[in-house]
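Report on the structure given below.
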Amino acid sequence: MLMMEIFDKNSPNMIKNVPEEMKLSVMNCAFGAIKNMSNDLQEAFYVKDNVPDICQIAYTCLELAASERLRVLRVRAMEVVLVLQQVPLDGPDKRSPWERQEVADIFQFILPGACTKLMSIVCGDITQGSKVLSTAIFTVSTMIALVMEDYATSDENDTSKMMESLLQLSEESGSPDHTPDISQAQPTQKKDFKKEIESSKGRTLEVRKKMALNLMPHLTKIAEHCEHSDAKVCREVVRACTLILIRSPRSLKEGLGPLLDAVVTLSVHEDDKVRNESLSSIEQLNKFFSHQNGYDFLQLAEENFYMLLTRLPRLVQKDGGAYGASSVALLSGYVQLLRPSMRNVLSSSAHLQRLTLSLLHVLTLECSNISVGNEYSMRQLTAERCNNLNVPWMRLRFSSDFAVLSNVLQLCDIVAENSIRVFELLSSQLLDTLHSVTHFRKECILLLNILLLSACKVKNDNVYEFGTSLLESYLAPELWPAKENSKSVTTVSRIQEDIAMTCLLTEGIGACILAVGRDKAQTHLLRVLYPLLEQAGSANSCTSLAGRRALTRVAEACGFDSDLVALISNNMDYLSHCMSIRLRHLDKHMGVFDALSLVLQHSSPEIALGLYNIVLNVLQQSSDTSQSKNNEAHLRVFLTFAIGVNQWLKPSGNSSASPYLGYQNIKAEMSDGNANEDCNFPAITICETDRKWTAVERLKVYQQNLRTGVEDSENLDEVKRDATEELPEELQPHNLVEEMEDDIAMDVDSDKKEEIPELAKLLVLVLKRCLHFLPSQIVDHQFLSIKTLDVGLQALEPFTDTLLPLIHQTWAPLVGRFEANQSPLIIRTAFQLLQTMARTAKDFLLTRTIKEVFPQFCKFLRSSVSDSNLKDRASVYRFSQKYKTQLALLSGLGPLACHLTIRGKDFHGLLSVSLLYLSCCQPHPLQAAAVTLIQCLYSLDADAVWWSLVSWWTPPHLVPILKLHHSSQRHDCEENIRRLLGLPGTQTEDGREEDER
């Protein structure tokens with residue numbers, strides 16, 4: 001009667017259109033009434049005559065659960081179905097099989113339709129929530145286990161109760177699988193017993209087989225939810241699969257494989273609760289099936305394990321690798337499940353080989369994303385995160401993420417444990433595969449590295465022997481890619497594969513040193529340190545990263561706590577000997593320059609003195625015409641050496657920027673106190689120091705000075721000194737003679753040769769050698785030589801007598817770098833060198849600069865102003881070399897003019913060019929650079945700059961005062977000139993657009 005309040009047979013879904021609150025109240029009442037039903041009432045209720053009423057209740061509840069939106073109502077409706085099955089919601093089901101059979105006889109009629117409704121919820125949209133999904137999985141699993149139960153239990157008390165109840169139905173009856181009396185009875189009696197039992201259950205064998213066949217897709221769908229993102233759903237899947245496995249191992253024998261796979265997969269889940277739930281279920285299954293004489297659970301697990309090994313390569317490649325991570329996780333779970341018998345399972349060579357090849361298929365590498373270009377930059381010798389999987393040489397072909405690789409790491413952690421005792425078998429098989437299967441060589445090295453690191457993590461007993469033998473294999477020359485001849489033709493893919501192989505072997509060497517332990521690491525250090533250092537200094541970014549990762553592991557193994565510089569410093573004698581030997585055979589050891597550059601960059605002055613002869617040897621080789629093909633490598637060593645000397649010769653407490661950064665930071669260069677002690681460039685406006693000093697007051701002071709000058713000229717005769725007047729004391733002849741003698745003495749003292757360090761002397765030789773590469777036709781040689789001269793001259797700044805002759809020798813080849821046919825990169829780099837020379841030599845270069853260089857700069861800026869006009873941020877012109885040269889010149893000419901103290905027509909020429917770039921039509925970076933340039937020129941001649949600005953654009957309040965015949969109104973320059981003059985700006989829409997540029 002209660003269900004009739006919401007039941008309507010005329011409605012399409014047979015549910016009345018009543019409020020959800022009404023439906024929820026009916027479900028709550030039904031839940032309480034069924035749950036609190038007495039035992040006598042249960043016996044009278046669960047009979048075949050009440051099947052239509054029970055079916056109506058179940059249908060109504062399942063229809064509400066499938067069609068309603070209110071989650072509380074949906075969950076309560078499914079809970080009514082659960083209590084209708086007499087399933088406890090707050091604990092395990094402690095009923096014996098004979099107590100459940102009465103309910104099962106009723107629900108065999110409900111199961112087909114109920115499974116369809118419940119599976120529609122299980123396979124529904126993810127927006128329905130995890131609570132609804134978990135309840136649906138629990139409901140359908142309990143119903144399947146209830147109807148398809150085999151009535152086989154490990155509890156002796158439950159078994160005896162079941163046998164007593166069955167014996168009450170017949171004088172001689174027994175279970176067909178568990179009762180000893182059956183084996184002693186006659187064949188005709190056995191058939192009678194079976195017929196009587198089956199008729200009492202109301203479920204014949206044919207019906208059970210048909211139902212099992214129809215339930216197979218449902219079982220598979222339940223098992224697939226083991227990959228759900230919610231941990232609560234995964235825990236419910238574990239309970240559901242375990243319940244069906246225990247209750248129906250015979251009735252649903254063909255469908256137990258997916259259920260067992262789901263439980264095993266979740267045994268290696270990332271969530272602790274899910275993992276512990278799954279491991280507990282596996283232990284429960286082992287105990288349960290160990291008491292069953294007719295069923296071997298471990299045999300089923302082994303069969304699934306073999307089948308998985310066969311299907312694993314196909315599963316990894318299926319749907320773009322979507323099943324790869326779950327398949328490897330399932331494999332890890334089966335290894336965990338078969339832990340006691342895993343050694344026996346893999347004792348078969350066929351099974352061991354199948355496992356090895358399957359893992360190699362999973363780890364198939366994709367090398368197309370590896371960079372083959374050389375990136376010559378200063379390699380920072382810092383410790384790397386060795387556990388980072390996001391590296392180019394470890395990208396898998398059949399998986400776009402790192403889930404598969406993470407699961408392989410987890411599998412190797414399990415295999416490397418001492419309790420499984422299969423580490424030796426798998427490692428030996430991989431070593432054999434490394435030398436026999438060449439097309440899987442990269443994947444085999446990767447798997448060996450992972451297995452070795454896992455053995456180190458779990459402290460396997462055989463890790464030292466395995467690490468030592470693997471190190472010997474990795475150091476064998478036949479494993480390393482052969483160096484291609486310059487005349488040979490090779491493909492990009494082949495180069496990428498060689499780089500991947502080099503990176504994997506390099507990391508493997510570091511892993512081997514970590515595996516042998518701290519006590520034995522020093523024994524192998526002399527063999528591996530230099531090769532790893534050579535890889536760390538490589539121009540290829542991937543190879544360099546692999547080298548630094550390997551050195552990090554070596555430093556950790558040797559007790560340096562990942563301090564790579566300390567590792568190199570403590571082994572400098574060995575490294576210097578290795579580099580000296582290899583410099584004699586450059587044809588076979590071109591990587592020695594990479595290692596030398598890296599050592600020089602991270603050395604101290606004391607260590608660098610030990611490398612003095614090595615750098616001198618490189619200097620001598622650069623003069624040998626037979627070694628001209630190595631000139632680029634020589635220049636890179638020179639640049640690194642110059643950077644090191646500049647750092648070592650710095651006075652203590654000098655916090656200036658690192659020299660190899662160049663002068664990219666213009667503001668830092670302009671604020672250098674050594675550039676011009678009398679110049680303090682304002683950061684915002686040139687009138688910031690005296691905001692009240694207006695242009696009108698300037699004019700009044702100017703007129704007053706004119707009147708004062710006329711009065712002074714009238715009294716000129718008074719200023720003239722009488723010829724007979726006595727000279728001041730300081731101008732007496734005898735005092736002049738004494739002063740001249742002092743000057744001569746000072747000149748004699750200055751002729752004494754200044755003392756410079758040995759490293760500075762070697763640097764002078766290096767810089768003089770770099771002068772020969774300035775006129776080279778090779779752009780890389782020009783660039784490296786200019787950068788070396790730039791850094792070297794900064795290092796020699798304290799030694800003036802050495803610096804000025806070197807600057808004089810540099811001038812002639814440097815001027816040729818500013819010609820129009822030169823590369824814009826070379827022009828900009830040469831301009832940075834010119835700035836350094838002007839800053840260190842001051843007006844020593846004034847005459848030559850304004851005569852030979854400044855006109856070219858002004859001509860270039862004047863001719864290119866139209867090219868950059870109206871080139872906003874989206875313009876391609878912003879990425880051109882011409883634009884970069886404009887920006888570099890405008891940013892650097894200001895400090896250069898201050899260093900040289902430029903005056904006269906050159907000053908006005910530079911000022912007139914800078915005014916052209918104040919236009920709002922120019923790109924904003926060029927405008928800012930022009931403002932900075934004018935600020936610098938203001939420090940040299942404030943009046944000339946002020947007059948040029950007001951002549952370029954005259955402020956309205958100065959027009960009547962200045963009385964200019966041709967007052968200019970360059971409104972496109974108004975904003976920048978207002979900023980320079982300290983006048984308030986205009987807030988217009990156009991102004992905002994100009995700022996956006």
- Message: With rounding to the nearest 0.5 angstrom, report the NE2 to CZ distance, H577 to R582.
- Response: 8.5 Å
- Sorted by chain and number, sequence neighbours left out, side-chain contact (heavy atoms from CB on, under 4.5 Å) with E270 holds for none
- Message: Taking the side chain as everything from C-beta on, heavy atoms only, tell me whether V408 gets closer than 4.5 Å to L447.
- Response: yes
- Task: Among residues two or more places apart or on two chains, list those pairs meeting side-chain hydrogen bond (donor to acceptor under 3.5 Å, both in side chains) that have a residue in residues 352-363.
- Result: none
- Query: Does any non-hydrogen side-chain atom of H269 lie less than 4.5 Å from one of S278?
  - Reply: no
- Find the distance between OG (S427) and CG (N462) and round it off to the nearest 0.5 Å. 7.5 Å
- Message: Would you say that S349 contacts L352 through its side chain, given a criterion of any heavy-atom pair below 4.5 Å between the two side chains?
- Response: no
- Is T491 reaching over with its side chain to a backbone N or O of R494, donor-acceptor style, under 3.5 angstrom? yes
- Partners meeting salt bridge (Lys or Arg N to Asp or Glu O under 4.0 Å) with D272 (sequence neighbours left out): R275
- Query: Do you know the tightest heavy-atom contact between S538 and S544?
  - Reply: O-CB, 3.6 Å
- Message: Side chains of V516 and L471, heavy atoms from C-beta outward: is any pair under 4.5 Å?
- Response: no
- Task: Can you spot which of V618, L763, I643 makes a side chain to side chain contact (heavy atoms under 4.5 Å, CB included) with F638?
- Result: V618
- Side chains of S347 and R343, donor plus acceptor under 3.5 Å: no
- Query: Stepwise, does the side-chain contact (heavy atoms from CB on, under 4.5 Å) test hold for C770 with L635?
  - Reply: CA-CA 8 Å; C770 289; L635 288 171; 4.2 Å; yes
- Message: Whether the side chain of Q410 engages the backbone of S406 through a donor-acceptor N/O pair (distance < 3.5 Å, no angle test) should be reported.
- Response: no
- Kindly say whether V264 contributes a backbone atom to a donor-acceptor pair with the side chain of S267 at under 3.5 angstrom? yes
- Any residue meeting side-chain contact (heavy atoms from CB on, under 4.5 Å) with R397, in chain and number order, not counting sequence neighbours: T364, E366
- Apply salt bridge (Lys or Arg N to Asp or Glu O under 4.0 Å) to K457 and list each qualifying residue two or more places apart in sequence or on a separate chain. D413
- Task: List the atom of A515, the atom of V463, and the distance in Å for their closest heavy-atom pair.
- Result: CB-CG2, 3.9 Å
- Task: Before giving the answer on side-chain contact (heavy atoms from CB on, under 4.5 Å), spell out for L360 and V437 the whole-Å C-alpha distance, their side-chain angles and the decisive distance to 0.1 Å.
- Result: CA-CA 11 Å; L360 295 180; V437 185; 5.9 Å; no
- Item | Check: F305 and V335 side chains under 4.5 Å, non-hydrogen atoms | yes
- Note on the structure: Tightest non-hydrogen contact, residues L514 and A557, listed as CA-CB, 3.9 Å
- Query: Can you list the residues that meet the ring pair (Phe, Tyr, Trp, His ring centres under 6.0 Å) rule with F466, with sequence neighbours excluded?
  - Reply: F423
- Is there side-chain contact between L532 and R548, with at least one heavy-atom pair below 4.5 Å? no
- Query: Taking R769 for the side chain and L619 for the main chain, is one N or O donor matched with an acceptor at less than 3.5 Å?
  - Reply: no
What side-chain donor-acceptor pairs closer than 3.5 Å can you find for residues 518-531, not counting sequence neighbours?
{"residue": "R527", "atom": "NH1", "partner": "E472", "partner atom": "OE2", "Å": "3.0"}
{"residue": "R527", "atom": "NH2", "partner": "E472", "partner atom": "OE1", "Å": "3.4"}
{"residue": "Y530", "atom": "OH", "partner": "E534", "partner atom": "OE1", "Å": "3.0"}

- Working for side-chain contact (heavy atoms from CB on, under 4.5 Å), residues F773 and I778: CA-CA 9 Å; F773 293 98; I778 303 176; over 6 Å; no
- Partner residues of A403 under the side-chain contact (heavy atoms from CB on, under 4.5 Å) criterion, sequence neighbours left out: A325, D401
- Could you tell me whether a side-chain N or O of N570 sits under 3.5 Å from a main-chain N or O of A566, the two making a donor and an acceptor? yes
- Go through the steps to decide whether L575 and C578 satisfy the test side-chain contact (heavy atoms from CB on, under 4.5 Å), and finish with yes or no. CA-CA 5 Å; L575 293 175; C578 290; 5.6 Å; no
- Query: CG/L309 to CG/L355 distance, rounded to the nearest 0.5 angstrom?
  - Reply: 5.5 Å
- Query: When rounded to the nearest 0.5 angstrom, what distance separates CG in N630 from CD in Q621?
  - Reply: 7.5 Å
- Message: What I'd like to find out is whether the side chain of L434 reaches to under 4.5 Å of the side chain of F440, using heavy atoms alone.
- Response: no
- Message: When you measure from the side chain of N449 to the backbone of L446, do you find a donor-acceptor pair of N or O atoms at a distance under 3.5 Å?
- Response: no
Side chains of residues 500-511: which donor-acceptor pairs under 3.5 Å do they make with residues two or more places apart or in other chains?
{"residue": "T502", "atom": "OG1", "partner": "D498", "partner atom": "O", "Å": "2.9"}
{"residue": "T506", "atom": "OG1", "partner": "T502", "partner atom": "O", "Å": "2.6"}
{"residue": "E507", "atom": "OE1", "partner": "W393", "partner atom": "NE1", "Å": "2.9"}
{"residue": "E507", "atom": "OE2", "partner": "R549", "partner atom": "NE", "Å": "2.5"}
{"residue": "E507", "atom": "OE2", "partner": "R549", "partner atom": "NH2", "Å": "2.9"}

- Note on the structure: Between E465 and D461 the two heavy atoms that sit nearest each other are OE1-O, 3.9 Å
- Does the side chain of E227 pick up a donor-acceptor pair with the side chain of S326 at under 3.5 Å? yes
- For the side chain of Q496 and the backbone of I370, is there at least one donor-acceptor N/O pair under 3.5 Å apart? yes
- Message: How long is the straight-line distance from OH of Y474 back to OG of S469, given to the nearest 0.5 Å?
- Response: 10.0 Å
- Could you tell me which residues satisfy side-chain contact (heavy atoms from CB on, under 4.5 Å) with F783, sequence neighbours excluded, listed by chain and number? K787, L825, I826, T829
- For atom NE2 of H435, is the number of surrounding heavy atoms from other residues, nucleotides or ligands below 6.0 Å larger than 12? yes
- Item | Least distance between heavy atoms, L430 atom then C444 atom | O-SG, 3.1 Å
- Task: Find out whether S576 and I614 are in side-chain contact, i.e. whether some heavy atom of one side chain is under 4.5 Å from a heavy atom of the other.
- Result: yes
- Separation between CG (L411) and CD1 (I450), nearest 0.5 Å, reads 10.0 Å
- For R441, enumerate each residue passing the side chain to side chain donor-acceptor pair (under 3.5 Å) test, keeping only those at least two apart in sequence or located in another chain. none
- Pairing residues for Y306 by the ring pair (Phe, Tyr, Trp, His ring centres under 6.0 Å) criterion, not counting sequence neighbours: H351
